[in-house]
Every structure is written in C-alpha cells, then in structure tokens.
Amino acid sequence: MNLWSTIGRSVLVNSSRQNLFKISKIANRPFSFNVRPVLVSKNLKSHTSRTNIRNFQISKGVQTVLQFNLADIGEGIAEVSVKEWYVKVGDTVKQFDKICEVQSDKATVTITSRYDGVISKLYYEVEDTAFVGKPLVDIETNDTTSSPAPTTETISDSLERVESVATSEFNVNKVLATPAVRRLAMEYKVNIADVPGSGKDGRVLKEDVIRYAERLRETVDSAKQPSVPPKQEFIASKEKDLLMPNITTVHNLNVDRKEAIKGVRKAMVKTMTQANTIPHFSFCDEYNMNSLVELKSQMKHFGKEKGIKISYLPFIIKACSLALHSYPILNAHVDEKCENITFKAAHNIGIAIDTPNGLIVPNIKNVQTKSILEIAQEIKILKLMAESSKLTPTELSGGTFTISNIGSIGGTYMKPVILPPEVVIGALGAIQKVPRYNTKSDVVAANMMQVSWSADHRVIDGATMARFSNHVKRSIENLSVLLMDLK
C-alpha cells in the first residue's frame, strides 16, 4: 500500500471517530459502532483516482438499568426523610421529571431525574429514611418494549439530531439564572426563558419566577371564575390571627403512641442542644409604635399597588440593620469552642416562620443593601416558599442575626434562644394600645410593643445590647432618624 492511501485512510477514520465521539457526548447515550477499513487507491499510471468508502452505522445501546443515587444536597446533610413519591414502578420519566420529595433537617427538596427511562425499582417507602450516596430508584434506560430490534441511523441523521439538540440547549442555557432558580422554575412548571429577569444583565432571580408564576395563576383563576361568585365566610381579623396552624392532631388517644423525631423537629433537637451550651442573657424593653402605625396606614394603598403587603416587620428589620453598622459585634459568628469570632459583612437577617411542619428560619440576604420595599418583597417570597415547602438550604443557611415575630400569634415578652453560630436573637411582642404618660404628664393611648433580646454572654455584654436596643428604638419611634440613616 502506498503513502497516499495510508494518509487518506488515517484522515478519514480519525475524523469519523471524532464525529462519533462528539455525537455520543452531546446526545448523552451510548453508541456501538464498527468502522470498516477505508480503501483509497490511486492509479499513478493513468493519473486517475478511485475512492471506495463504506457507510458508517451507529447502533443504539442495549437496555441498561441504572441506580439513581441520592445526591449530596449540601450543608452536611447525610440523611433525609422521603415525604412523597411522584413516580411508581413502571412509570416512564425524562430528564428533570420529578422523582420524589424529601425532607432534611433543614429544608424540603424535590429530587428530579437525571436520565430518560422507566422506573424499575423504588428503594424506600414514604416516611422511610434515605441516605445520601445510596440508591434511591432504579431506572431502566433504552426501554426495548416499544422497539425490540435495535435501530440504526446514519451519521448524517445523527448530525442533524445533534444540531437540533445543541440549538435547544443553547436557547435554554442563554438565560442567566442560578441552578437554584432553574430548579424553582421547574417546580412551579414555568419556562424560565419566558420569565423577565430583574437582576443584573437580565439575570432571572427567584422572586422573578414566583412573581411570574403568581401572574399565571391569577390569569388562570380569573378565566375559571364563575359569573356568580359563591358565598364566602369571613373571620374577624383578631380571631383569624389567633388561629392555630394546620397540624396533625390525634383525638381520644387511648394508648401510647411512639414516633421517630424527623425533619424540622430533628433539626430543632440538634440546634437547641447546641444552643443550650451558650450562656444566654436577656434584655427587654418596650417601643412606642405610634409613628409606625400611622405610617403603615399611609403606605397600605401604595403597597397594594405594588402587590406587596406592608407590615411593621420590614421597618424593624431595616432599623436593626442600620444599628448593626454601629454595633458589628452583634452581627457575628463564633466557632463551636468560642475561640474565634467572625464579624460578618453581610446582614443576613433571619425571620422565624411558623409552618405546618414546624418552625423554620430562612434569612433575607444583604439587608444592608435593600430598601424597605425590597425587604417586604423578600418576606413575602420566603413565606410563600415556606408554606409550599419550597425553601432550599440556600435560604436557610448563612444567617447572621435573627428576629422572631411572636407577636403575630400572641404574647408580649419571651426569652428567645440563640441560633448558633449567631450571637443575638430578638423577639417582637404584640402591639397593644395601653395608657401612657406623654411629655405633659397627660394620660394618652399609646401603641406599645414589647421587645426581648437574648445574647451570647461569652462575647456580648449587657451595655452593648442595651445601646443597640436604644438605637433601634430611636429609629422606630422617630422615623425621621430612620430616614436620615438610610443609604
């Protein structure tokens, strides 16, 4: 064989193999291929060339059973409780289809499929404990029931299919969004490409997804609304505020019942056991809320235009953030042995939310850079995500300072427990109209709110806590001070 034929054969075989490997990688499925020798000869005497090239064929891979393991969902979580299965044995799934919902000691997470195929085995029942890195389900790929004989396709057909796949992937990936936001869009069944982004360079944020989903739901609800609305029963606001959350209650319990501590309760056991090692001290005071009550009534209609419920909490959170600039030691973390203290630059202020699954504390990131209206929007989003069990470890981790609005349920003073590794927590009591003396010693009606602070006495002293509380109190009672401090 001469040099010409050797070079020609090498070039064709190598380039074809590269194309096949590229097709296999993009299409994400195994290929078995058989390359026949390519004979290229040239008749030097007649100065004519003859090329004989065999067609390449690609055979689809054989039926395979893949074990789908529970991936690491972060935050050091090693086990989860299976709350709901979205599939059963024999169901066909595609990539990103919901498999199940699991609950860790920090959040509820929806697990989605990474493969196309048929569910052949479920490893757990509902309420079983699943472990990270262990099999969750078996997925049978390339199901042969619909087409028992292996089919073939030529390279040109594969290239056309790969081109279409690459184009569709490009259209999806060109949307600027984090993986958590993309997952949230899938959970709300929203095409992320249709969501207008409000972030930098058009980046889609989680609030954009939720706002878009709400608009879609309102559109559907208005279309389905009957011409004659049904009668509705109204509950007085005070009575409604005192309603207990939906919890599982067993009446007429005749025998003892034992159940494992799971999910949010298990997280509380771990956190509160750690918190019990912290020497707490408390500081309590009361704030005159007259100015804020009046401002809230004025802002009520403005918030309704924006689709945001204006409450007292965003003002208090912002006032705390402004005070933290003067007392940065209160926005800090200490390590487990209390040998180092880390002053946190971001004010990630957590808010305690009462849910049917228990008390959870997501946090609002970077409060120091947000307006009061933006804080109100964040509170709305976090509450909506908590009620629908859509919170992820991202929203539940990284907190630096916590506020518990216990007054929304009832009560005045309390002794809140610090959430390690933070060093301070505050509890807001209910606003009550009570008699107080004014500057002229006249008895007047005043809207008063009791505030309880707990701090880590290993690193915080009482004087610092009292000065911080006075700073917040001055901003709440004199809103002009709050406006002057805004940046």
Over-ring placement of K134 relative to Y123, 6.0 Å and 45° cut-offs
no

Pair I308-L373, side-chain contact (heavy atoms from CB on, under 4.5 Å): steps then yes or no
CA-CA 8 Å; I308 302 173; L373 197 61; 4.0 Å; yes

Indicate yes or no for a side-chain donor-acceptor contact from [X] to the backbone of [Y] under 3.5 Å, with no hydrogens or angles considered.
X	Y	value
N478	V481	no
W85	E101	no
H301	M299	no
K365	T394	yes

Return each pair, listed once, that meets ring pair (Phe, Tyr, Trp, His ring centres under 6.0 Å) where at least one residue sits in residues 371-396; pairs must be two or more places apart or across chains.
none

I need the [X] [atom1] to [Y] [atom2] distance, nearest 0.5 Å.
X	Y	atom1	atom2	result
M465	I329	CE	CD1	11.5 Å
I425	K415	CD1	NZ	12.5 Å
T92	D116	OG1	CG	10.0 Å
I349	I316	CD1	CD1	11.5 Å

Would you tell me whether [X] and [Y] have side-chain atoms, one donor and one acceptor, within less than 3.5 Å of each other?
X	Y	answer
Y287	S469	yes
D97	S113	no
T369	N366	no
E422	T400	no
N363	N348	no

What residues, two or more places apart in sequence or in another chain, satisfy side chain to side chain donor-acceptor pair (under 3.5 Å) together with [X]?
X	value
E378	none
S454	none
N290	N288, N447
N405	none

Residues two or more places apart in sequence or in another chain: which of them pass salt bridge (Lys or Arg N to Asp or Glu O under 4.0 Å) with [X]?
X	result
D285	K473
E259	R257
E374	none
K380	E214

Hey, mind stepping through Q432 and T412 against side-chain contact (heavy atoms from CB on, under 4.5 Å) and telling me if it holds?
CA-CA 9 Å; Q432 298 177 312; T412 53; 3.6 Å; yes

For D208, run the side chain to side chain contact (heavy atoms under 4.5 Å, CB included) check against L184, V181, V195 and tell me which one passes.
V195

Who pairs with F468 by ring pair (Phe, Tyr, Trp, His ring centres under 6.0 Å), at least two apart in sequence or on another chain?
F401, W453

Taking ring pair (Phe, Tyr, Trp, His ring centres under 6.0 Å) as the definition, give me every residue that meets it alongside H457, ordered by chain and number, with sequence neighbours left out.
F281

Answer yes or no: are there more than 12 heavy-atom neighbours, outside [X] itself, under 6.0 Å from its atom [atom1]?
X	atom1	answer
E339	CD	yes
K98	NZ	yes
E125	CD	no

Between [X] and [Y], which heavy-atom pair has the shortest distance, and what is it?
X	Y	answer
I403	C320	CD1-SG, 3.7 Å
S120	V89	O-CG1, 3.7 Å
K344	A332	CG-CA, 4.1 Å

Test: D91 and K88 ion pair at under 4.0 Å:
yes

D456 bridged to R458 by N-O distance under 4.0 Å:
yes

Can you list every pair that meets side chain to side chain donor-acceptor pair (under 3.5 Å) and has a residue in residues 313-329, with sequence neighbours left out?
S321-H347

